[in-house]
Amino acid sequence: MPKCQNCGNIKSFGASQIPPAGMYANGPLSGIIGEFKTDRELMWVHSSGATKSMINAACHEPQKFFDICVQCGYQSVLWNEENE
């Protein structure tokens with residue numbers, strides 16, 4: 001499952017490859033935010049500025065896209081099961 005190396009978040013992540021539609025103070029870190037179940041399954045995706053093809057790609061290979069912790073902003077997310 002994805003896990004933030006800084007705060008331990010295992011639920012909400014953004015994608016650094018997909019910038020938000022606009023930069024706002026306290027705005028989203030990414031143009032796409034994914035919510036995950038504890039078994040690595042992507043439950044839902046919130047998009048603001050991502051194209052449909054980007055969303056589809058992120059849904060098919062989430063480990064390649066979701067690399068920013070939404071809770072603390074840290075950009076080091078582990079995807080291997082050994083760190084659960």
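Hydrogens, waters and symmetry mates are skipped; everything else that's a heavy atom, side chains included, is used. As the structure is a prediction and not an experimental result, all values here were calculated from the model.
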Side-chain touch Phe13/Ser30, heavy atoms, less than 4.5 angstrom: no
Distance, nearest 0.5 Å, that separates OG1 of Thr51 from CG of Asn56: 8.5 Å
pair Leu78-Gln5: side-chain heavy atoms closer than 4.5 Å: yes
Lys3 NZ to Trp79 CH2 distance, which is reported to the nearest 0.5 Å: 14.0 Å
Minimum heavy-atom distance Gln75-Ser16, with the two atoms named: NE2-CB, 4.0 Å
Under 4.5 Å side-chain linkage, directly or through intermediates, the cluster mates of Tyr74: none
Partners meeting side chain to side chain donor-acceptor pair (under 3.5 Å) with Glu35 (sequence neighbours left out): Ser12
Residue pairs, two or more places apart or on separate chains, that pass salt bridge (Lys or Arg N to Asp or Glu O under 4.0 Å) and touch residues 48-62: Glu61-Lys64
Pairs flagged by ring pair (Phe, Tyr, Trp, His ring centres under 6.0 Å) wherever residues 43-62 is involved - sequence neighbours left out: none
Phe66: ring-ring contact (aromatic ring centres under 6.0 Å, His included) partners, not counting sequence neighbours: Phe36
Nearest non-hydrogen partners of Val77 and Pro2, listed with the distance: CG1-CB, 3.9 Å
From CD1 (Ile33) to OG (Ser48), nearest 0.5 Å: 6.5 Å
Minimal non-hydrogen separation, Ile32 against Ala58, with atom names: CD1-CB, 3.9 Å
Between CG on residue Asp67 and OG on residue Ser76, distance to nearest 0.5 Å: 9.5 Å
Exercise: identify the closest heavy-atom pair between Gly34 and Leu42: CA-CD1, 3.9 Å
Set of residues satisfying side-chain contact (heavy atoms from CB on, under 4.5 Å) with respect to Cys7, sequence neighbours excluded: Cys4, Asn9, Cys69, Gln71, Cys72
Closest approach of Cys59 to Val45 (non-hydrogen atoms, all atoms of both residues): SG-CG2, 3.8 Å
